[in-house]
Amino acid sequence: MGIPHRSRGYYGGGDVVFILSVVALIILILDGKRRIKKRALALQPAAVEPTQDRAALPHESTSLPNQTDNQINPPVPALPVAALAHVLPTQSGSRIGPSLLIKGKVNSGESLAIHGTIEGSVTAKEHGVTVAASGRVSQSIEARVISVAGSVTGRLIATDQAILLASARVNGSVDAKRLKCESGAWLKVAVGATSH
């Protein structure tokens, strides 16, 4: 007698289940890779047009006190995307949007990203403070790490590191254990080393 011969194109019930299982497994693997890639992209800063924040600002806002209107401001070089990595905040922390104006003290128990204007002091002693290209702070900032891409008039006190990016405009003083200043930053500051 022998084993009955299957005709071409016919698969038994077990074969169909096996093929569907393999297809489902492939779909799960590909979906997992897609999710990992999506998470990695979400943790990285978005590619920002270098002039995005500056384009929304009026031309007068780039001048600092004691500058006259007839002085020409040097062009601000565009921020490379790599420089944005240590400026832009991660998903945690608070954000002060570009349309906000705060007058007074800001105390934060978490990281803070400033895209708007603060006329007063900012304190986040154990955390980082980021002043984006559209951000403005006048008076003082005290934090563990301070990153500036915008304008600060007053005192910066960083217990760990102060980072001044190419588009930064700082007028006042900087006290930090470590200071990193990119070419193109406009500074009129007294610099001191802290031992905090």
Side-chain angles (χ1 to χ4, degrees), residues 45 48 50 53-54 57 60-69 71-90 92-98 100-196:
V48 178
D53 286 331
R54 286 189 288 279
L57 299 174
E60 302 85 55
S61 66
T62 59
S63 63
L64 293 168
N66 303 329
Q67 278 188 317
T68 59
D69 291 333
Q71 288 179 324
I72 299 174
N73 289 332
V76 177
L79 276 175
V81 175
L84 293 173
H86 54 75
V87 174
L88 298 176
T90 58
S92 64
S94 296
R95 182 177 192 264
I96 295 174
L100 288 176
L101 166 64
I102 297 174
K103 295 182 180 186
K105 295 180 179 181
V106 175
N107 293 314
S108 180
E110 59 187 351
S111 296
L112 183 64
I114 302 167
H115 294 266
T117 302
I118 297 178
E119 295 175 359
S121 63
V122 177
T123 305
K125 290 187 179 185
E126 297 298 318
H127 303 283
V129 172
T130 299
V131 180
S134 61
R136 305 280 177 254
V137 176
S138 61
Q139 195 171 344
S140 68
I141 300 175
E142 185 174 356
R144 186 175 58 78
V145 176
I146 302 171
S147 298
V148 179
S151 175
V152 176
T153 303
R155 189 170 182 194
L156 296 177
I157 304 166
T159 56
D160 185 22
Q161 183 178 21
I163 302 167
L164 308 176
L165 296 173
S167 61
R169 301 284 188 242
V170 181
N171 186 6
S173 66
V174 177
D175 295 313
K177 278 186 183 177
R178 297 180 293 151
L179 175 62
K180 183 177 184 180
C181 182
E182 290 185 353
S183 175
W186 186 93
L187 304 173
K188 187 175 180 182
V189 297
V191 178
T194 62
S195 60
H196 295 125

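Residue numbers start at 1 and run along the sequence shown. None of these values were measured; they are calculated from a predicted model. All heavy atoms count here, side chains included; hydrogens, waters and symmetry mates do not.
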Participant: Using every non-hydrogen atom in the two residues, find where Val129 and Ala124 come nearest and quote the distance to one decimal.
Facilitator: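 Here Val129 and Ala124 meet closest at CG2-CB, 3.8 Å.
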Participant: How far apart are the closest heavy atoms of His115 and Ala132, and which atoms are they?
Facilitator: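 That would be ND1-CB, 3.2 Å.
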Participant: For the NZ atom of Lys180 and the OG atom of Ser147, what is their distance to the nearest 0.5 Å?
Facilitator: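 Going from NZ on Lys180 over to OG on Ser147, the span is 9.0 Å.
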Participant: How would you list, by chain and number, every residue that makes a side-chain contact (heavy atoms from CB on, under 4.5 Å) with Ile102, sequence neighbours excluded?
Facilitator: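 Only Ile96, Val106, Ile118 meet the side-chain contact (heavy atoms from CB on, under 4.5 Å) criterion with Ile102.
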Participant: What is the distance from atom OG1 of Thr153 to atom CZ of Arg169, rounded to the nearest 0.5 Å?
Facilitator: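 The OG1 atom of Thr153 sits 11.5 Å away from the CZ atom of Arg169.
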Participant: Rounded at 0.5 Å granularity, tell me how far CD in Glu119 sits from OG in Ser138.
Facilitator: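 That separation rounds to 5.0 Å.
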Participant: Apply side-chain contact (heavy atoms from CB on, under 4.5 Å) to Glu110 and list each qualifying residue two or more places apart in sequence or on a separate chain.
Facilitator: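 Applying side-chain contact (heavy atoms from CB on, under 4.5 Å) to Glu110 gives Ser94, Ser108.
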Participant: So, do Lys103 and Leu101 sit near enough that their side-chain heavy atoms are less than 4.5 Å apart?
Facilitator: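 In short, these two side chains touch, coming nearer than 4.5 Å.
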Participant: Looking only at heavy atoms, what is the nearest atom pair of Ser167 and Ala149, with distance?
Facilitator: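 Heavy atoms only, the tightest pair is OG-O, 2.6 Å.
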Participant: Is His127 reaching over with its side chain to a backbone N or O of Ala143, donor-acceptor style, under 3.5 angstrom?
Facilitator: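 Checked: no pair found.
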Participant: Kindly compute the distance separating CD1 (Ile163) from SG (Cys181), expressed to the nearest 0.5 Å.
Facilitator: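 One finds 11.0 Å between CD1 of Ile163 and SG of Cys181.
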Participant: Looking at side-chain heavy atoms only, is the closest gap between Glu142 and Lys125 below 4.5 Å?
Facilitator: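 The answer is yes, as the side chains (C-beta and beyond) meet within the 4.5 Å cut-off.
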Participant: Supply the atom-to-atom distance Thr130 OG1 to Arg95 CZ, rounded to the nearest 0.5 angstrom.
Facilitator: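 Between Thr130 OG1 and Arg95 CZ, I get 11.5 Å after rounding to 0.5 Å.
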Participant: Does a side-chain heavy-atom distance below 4.5 Å link Thr159 with Lys177?
Facilitator: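 Of all side-chain heavy-atom pairs linking Lys177 with Thr159, none is under 4.5 Å.
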Participant: Can you check whether Leu164 reaches Leu156 side chain to side chain, under 4.5 Å on heavy atoms?
Facilitator: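 Heavy-atom side-chain distance check passes, below 4.5 Å.
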Participant: Do you know the tightest heavy-atom contact between Ala158 and Ala162?
Facilitator: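 Reported closest heavy-atom pair: CB-N, 3.9 Å.
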Participant: Rounded to the nearest 0.5 Å, how far apart are CG of Leu187 and CG of Leu179?
Facilitator: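 Separation between the atoms: 8.0 Å.
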Participant: So, using side-chain contact (heavy atoms from CB on, under 4.5 Å) as the criterion, who are the partners of Arg155 when residues are at least two apart?
Facilitator: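 side-chain contact (heavy atoms from CB on, under 4.5 Å) list for Arg155, sorted by chain: Ser140, Ile157, Ser173, Asp175.
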